[in-house]
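Here the structure is laid out as structure tokens; the discussion comes afterwards.
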Amino acid sequence: MRKILLVIDMQVDFVTGSLGTKEAVQIVPNVCDKIERELQQGTEIIFTRDTHEENYLETQEGRKLPVKHCIRGTEGWNLIPELVPYAENIIDKPTFGSVELPEYVKEADTIEVIGLCTDICVISNVLLLKAHFPEKVIQVDSSCCAGVTVESHRNALEAMRVCQIDIIEETITEPKAEHRVRVQTFGNFQVYIDREPVQFSRSKSKELFAFLIDRRGGGVTNAEIAAILFEDKEYNRSVKNQVQTIISQLMEGLRKFGVEDIIVRQWNSLSVDTHKIECDYFDFLEGKKNGMLPFAGEYMVNYSWAEYTNGYLIQMKEKYNL
């Protein structure tokens with residue numbers, strides 16, 4: 001029985017980049033473990049890459065989702081570093097579903113699909129394959145997929161299940177944080193470690209941390225940080241040096257409490273490890289209860305750039321009566 005594992009769009013922009021989410025970051029260890037196990041069993045691994053050109057914003061997708069991502073040749077287009085050693089077979093696809101995939105998998109008896117995003121490219125390719133091969137076994141491992149939101153991830157899984165796709169349900173074990181880092185975003189932005197309020201050495205360091213929290217595990221570049229912290233200044237050598245200084249001061253401040261590991265640093269990318277942080281904003285979006293103040297229409301009122309997220313939270317509150 002020949003099996004193929006399809007790894008859909010596990011690219012930098014979808015994990016820590018322009019469209020990254022904490023849910024995407026969370027499944028990376030699961031995906032790596034899955035690939036290792038399948039290779040040991042002789043499974044063939046095929047990766048796909050969402051691939052756009054510089055004119056992306058002029059395309060239909062670009063007009064409906066005006067966030068440049070996975071532009072051919074950019075860092076965000078690449079597979080995440082953890083998966084590069086396994087990536088011998090890669091299919092570049094210009095849209096959600098790859099019309100080339102059926103030819104690559106036609107000899108397989110079982111096709112298992114994992115990756116990003118459950119509600120867009122995963123479901124598109126799964127249903128495309130089901131239409132081509134109605135008698136093949138087609139599976140999706142839910143613990144190795146993530147959607148744009150938790151709700152849309154679940155909805156996509158249920159839609160595939162109804163279409164007779166085998167959904168593998170596995171529990172994701174979240175690592176426990178050694179330190180209690182608590183972040184309050186509703187109202188004024190505040191950070192507590194072991195219930196003690198954190199005093200940042202500079203207001204810009206605190207604002208940087210707030211921006212990283214707002215991105216929920218999505219990576220931000222130094223240029224993006226500069227655009228937030230120094231919105232009226234040109235991104236020149238002086239501003240670049242100031243950004244580096246602010247990052248260093250943030251890390252030094254967290255290091256004093258022994259919690260510097262809540263910041264994830266990669267090449268030209270900074271993010272927070274959401275598993276190690278308790279945050280009212282994160283819990284609100286996941287429908288979880290906590291002991292912090294409920295959302296009352298105010299989010300990070302310290303910062304003007306947070307108004308967009310505040311508007312989104314208000315819409316969520318009204319729509320779902322949260």
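Computation of the quantities below employed the complete heavy-atom set of this structure, encompassing side-chain atoms and omitting hydrogens, waters and symmetry-equivalent molecules. Every value quoted in this text rests on a predicted model; they were computed, and no experiment measured them.
Between Lys64 and Glu61 there is no side-chain heavy-atom pair separated by less than 4.5 Å. Two residues are said to be in side-chain contact when any heavy atoms from C-beta on lie closer than 4.5 Å; Gln190 and Tyr192 meet this criterion. Residues Ile4 and Thr43 are not in side-chain contact: their nearest non-hydrogen atoms beyond the backbone lie 4.5 Å or more apart. When side chains are defined from C-beta on, Val140 counts as touching Leu157, because their heavy atoms get closer than 4.5 Å. With a 4.5 Å cut-off on side-chain heavy atoms, Trp77 and Asp92 count as touching. Side-chain contact between Glu278 and Arg180: present, with at least one pair of heavy atoms (C-beta onward) separated by less than 4.5 Å. A 4.5 Å side-chain heavy-atom check between Pro102 and Phe133 finds at least one atom pair inside the cut-off. Side-chain contact between Ile225 and Asn222 is present, with heavy atoms from C-beta onward closer than 4.5 Å.
Ile120 and Leu6 are assigned to two separate hydrophobic clusters, defined by single-linkage of ILVMFWY side chains at heavy-atom distances under 4.5 Å. Transitive grouping of hydrophobic side chains (ILVMFWY, heavy atoms separated by less than 4.5 Å) brings Phe14 and Leu83 into a common cluster. Under the 4.5 Å side-chain heavy-atom criterion for Ile, Leu, Val, Met, Phe, Trp and Tyr, Leu270 and Val272 are members of the same hydrophobic cluster. Ile27 and Ile114 fall within the same hydrophobic cluster, defined by Ile, Leu, Val, Met, Phe, Trp and Tyr side-chain heavy atoms under 4.5 Å apart, directly or through other members. Under the 4.5 Å side-chain heavy-atom criterion for Ile, Leu, Val, Met, Phe, Trp and Tyr, Val191 and Phe211 are members of the same hydrophobic cluster.
The structure places CG of Leu313 at 11.5 Å from CD of Glu318, a figure rounded to the nearest 0.5 Å. With rounding to the nearest 0.5 Å, the separation of CG in Leu5 from CD1 in Ile35 is 6.5 Å. Here the OG atom belonging to Ser201 is positioned 4.5 Å from the CD atom belonging to Gln249, to the nearest 0.5 angstrom. The distance from the CD atom of Gln139 to the CE atom of Met160 is 12.5 Å, given to the nearest 0.5 Å. Gln242 CD to Ile246 CD1: the interatomic distance, rounded to the nearest 0.5 Å, is 6.5 Å. Here the CZ atom belonging to Arg216 is positioned 9.0 Å from the OG1 atom belonging to Thr309, to the nearest 0.5 angstrom.
When atom types are taken as modelled, the side chain of Asp9 and the backbone of Asp50 share a donor-acceptor pair closer than 3.5 angstrom. Of the possible donor and acceptor atoms, one in the side chain of Arg63 sits under 3.5 Å from a partner among the backbone N and O of Glu58. The backbone N or O of Asp261 lies less than 3.5 Å from no partner atom in the side chain of Arg255, so there is not a single donor-acceptor pair. A donor-acceptor pair under 3.5 Å links the side-chain atoms of Asp13 to the main chain of Cys70, judged by distance alone. Judged by distance alone, with hydrogens and angles left aside, the side-chain atoms of Ser18 form a donor-acceptor pair with the main-chain N or O of Lys68 at under 3.5 Å. Remark: side-chain polar atoms of Ser98 are paired, donor with acceptor, to backbone N or O of Glu100 under 3.5 angstrom. For the pair Lys136 (side chain) and Ala108 (backbone), a donor-acceptor distance under 3.5 Å is present. For the pair Lys93 (side chain) and Phe96 (backbone), a donor-acceptor distance under 3.5 Å is present. Judged purely by atom type and a 3.5 angstrom limit, His69 uses its side chain to pair as donor or acceptor with the backbone of Val67. Panel note: side chain Thr118, backbone Ala146; a donor-acceptor pair is recorded below 3.5 Å.
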Show your working on salt bridge (charged side-chain N to carboxylate O under 4.0 Å, His left out) between Arg182 and Glu196 and close with a plain yes or no.
CA-CA 9 Å; Arg182 198 179 197 198; Glu196 293 295 325; over 6 Å; no
Apply the test side chain to side chain contact (heavy atoms under 4.5 Å, CB included) to residues Thr185 and Val183: give CA-CA distance (whole Å), side-chain angles for both, the deciding distance (0.1 Å), then the verdict.
CA-CA 6 Å; Thr185 65; Val183 175; 3.9 Å; yes
Report the C-alpha separation of Ile228 and Tyr303 in whole Å, then their side-chain angles, then the decisive distance to 0.1 Å, and conclude whether the side chain to side chain contact (heavy atoms under 4.5 Å, CB included) test is met.
CA-CA 10 Å; Ile228 290 293; Tyr303 309 118; over 6 Å; no
Could you go through Val150 and Glu23, starting from their C-alpha distance and side-chain angles, then the distance that decides it, and tell me whether this counts as side chain to side chain contact (heavy atoms under 4.5 Å, CB included)?
CA-CA 8 Å; Val150 173; Glu23 291 80 18; 3.7 Å; yes
So Ile45 and Tyr86, side chain to side chain contact (heavy atoms under 4.5 Å, CB included) or not? Walk me through it.
CA-CA 8 Å; Ile45 315 294; Tyr86 308 108; 5.6 Å; no
Before you tell me yes or no, could you show the steps for Lys3 and Glu112 under salt bridge (charged side-chain N to carboxylate O under 4.0 Å, His left out), namely the whole-Å CA-CA distance, both residues' side-chain angles and the distance that decides it to 0.1 Å?
CA-CA 8 Å; Lys3 179 179 180 180; Glu112 184 170 345; 2.7 Å; yes
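For the pair Asp141 and Ser143, the tightest heavy-atom approach, listed with the atom from each and the gap, is OD1-OG, 2.8 Å. Residue Ile314 comes nearest to Gly297 through the heavy atom pair CD1-O, 4.0 Å, listed as atom of the first residue, atom of the second, then distance. For Thr48 against Leu79, the heavy-atom pair with the smallest separation is O-CD2, 4.1 Å. Residue Gln11 comes nearest to Gly76 through the heavy atom pair CB-O, 3.8 Å, listed as atom of the first residue, atom of the second, then distance. For Ile213 against Met300, the heavy-atom pair with the smallest separation is CG2-CE, 4.0 Å. Nearest heavy atoms, Ile71 versus Glu53: CD1-O, 3.4 Å.
Other residues, nucleotides and ligands contribute more than 12 heavy atoms inside 6.0 Å of the CZ atom of Arg2. The environment of OH in Tyr308 is sparse: at most 12 heavy-atom neighbours from other residues, nucleotides or ligands sit within 6.0 Å.
Between Tyr281 and Tyr299, the distance from one ring center to the other falls under 6.0 angstrom.
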List the atom pairs, with distances to 0.1 Å, where a side-chain N or O of residues 161-168 and a protein N or O form a donor-acceptor pair under 3.5 Å, not counting sequence neighbours.
| unit_1 | atom_1 | unit_2 | atom_2 | d |
| --- | --- | --- | --- | --- |
| Arg161 | NE | Glu158 | OE1 | 3.2 |
| Arg161 | NH2 | Glu169 | OE2 | 2.9 |

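Salt bridge annotation for Lys130-Glu135: absent, with no cationic side-chain nitrogen under 4.0 angstrom from a carboxylate oxygen.
Every residue meeting the side chain to side chain donor-acceptor pair (under 3.5 Å) condition with Glu103, not counting sequence neighbours, appears here in chain and number order: Lys106. Residues satisfying the side chain to side chain donor-acceptor pair (under 3.5 Å) criterion with Thr221, sequence neighbours excluded, are Glu224.
Because its NZ or CZ atom is not both nearer than 6.0 Å to the ring centre of Phe189 and within 45° of the ring axis, Lys206 does not count as a cation-pi partner of that residue. In this structure, Lys317 forms no cation-pi arrangement with Phe284, as its terminal cationic atom is not both closer than 6.0 Å to the ring centre and no more than 45° off the ring axis.
Side chain to side chain, Asn236 and Ser238 fail the donor-acceptor criterion of an N or O pair below 3.5 Å. In this model, a donor atom of one side chain and an acceptor atom of the other lie less than 3.5 Å apart for Glu207 and Trp305. Using modelled atom types, one finds a donor on one side chain and an acceptor on the other under 3.5 Å when comparing Ser152 with Thr149.
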